[in-house]
Amino acid sequence: MKEKSIELLNRAVADELAAVHQYMYFHFHCDDRGYDLLAGLFKRTAIEEMLHIEMLAERIIFLKGDVEMKASGETQQIQDVKAMLEMAAQMETSSANDYNKWANECSQNADSVSKTLFEQLVRDEERHFDQYDVEMENLEKFGDNYLALQSIERSKNIASGRPVE
Ligand SMILES: [Fe+2]
Ligand SMILES: [Fe+2]
């Protein structure tokens with residue numbers, strides 16, 4: 001039965017790795033364009049996904065499996081901010097759905113620790129979804145001003161000597 005848990009945990013590692021790569025890519029491009037708020041959000045979320053990989057890996061190794069470390073997909077070279085947020089929100093939704101299902105599967109296999117781990121991840125992915133959703137709403141509400149304001153904020157920070165993230 002632990003083989004099933006190891007397989008599901010490795011599938012989660014693959015999704016998390018794809019998310020780390022994707023969010024880092026979004027971070028680089030938002031940072032390059034001076035969109036500090038979004039650059040910071042993508043960076044912090046990528047770091048959280050990395051910590052998810054660590055939790056999953058610890059569990060895999062405890063179950064005497066090995067961590068495969070293969071991303072589930074290629075990084076998409078998306079540079080339009082709206083498309084970035086849409087993709088990020090969609091990735092979070094699909095992770096939360098998968099982890100909910102996999103928590104149930106682990107529970108059926110009497111692996112309650114893996115079940116709890118997946119449930120913990122669902123909570124984080126729903127929070128990530130919510131953060132991206134709020135930014136999508138802001139972009140919709142304020143249009144191009146939303147991005148212009150972020151660039152101006154960076155210039156203000158640089159001019160006043162405050163560190164830029
Ligand atoms: Fe995650
Ligand atoms: Fe996430």
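Every number for a ligand or one of its atoms is a count from 1 in the order of the listing. Just so you know, residue 1 is the first one in the sequence shown, and it goes up from there.
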N/O donor-acceptor pairs under 3.5 Å from side chains in residues 110-118, not counting sequence neighbours:
unit_1: Asp111; atom_1: OD1; unit_2: Arg59; atom_2: NH2; d: 2.7
unit_1: Asp111; atom_1: OD1; unit_2: Ser114; atom_2: N; d: 3.1
unit_1: Asp111; atom_1: OD1; unit_2: Ser114; atom_2: OG; d: 3.2
unit_1: Asp111; atom_1: OD2; unit_2: Ser5; atom_2: OG; d: 2.7
unit_1: Asp111; atom_1: OD2; unit_2: Ser114; atom_2: OG; d: 2.5
unit_1: Ser114; atom_1: OG; unit_2: Arg59; atom_2: NE; d: 3.0
unit_1: Lys115; atom_1: NZ; unit_2: Glu119; atom_2: OE2; d: 3.1
unit_1: Thr116; atom_1: OG1; unit_2: Ser112; atom_2: O; d: 2.7

Could you go through residues 98-105 and list every donor-acceptor pair under 3.5 Å that involves a side-chain atom there, pairing it with any protein atom two or more places apart or in another chain?
unit_1: Tyr99; atom_1: OH; unit_2: Glu16; atom_2: OE2; d: 2.7
unit_1: Asn100; atom_1: ND2; unit_2: Ala96; atom_2: O; d: 3.4

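Judged by distance alone, the side chain of Arg154 and the main-chain N or O of Asp31 form a donor-acceptor pair under 3.5 Å.
Heavy-atom neighbours of Met55 CE from other residues, nucleotides or ligands within 6.0 Å: above the threshold of 12. The environment of CG in Asp80 is crowded: more than 12 heavy-atom neighbours from other residues, nucleotides or ligands sit within 6.0 Å.
For residues 60-91, the set of pairs meeting the ring-ring contact (aromatic ring centres under 6.0 Å, His included) definition, not counting sequence neighbours, is empty.
Listed by chain and number, Glu16 OE1, Glu16 OE2, Glu49 OE1, His52 ND1, Glu125 OE2 are the protein N/O/S atoms closer than 2.8 Å to the Fe ion (ligand 1), with waters left out.
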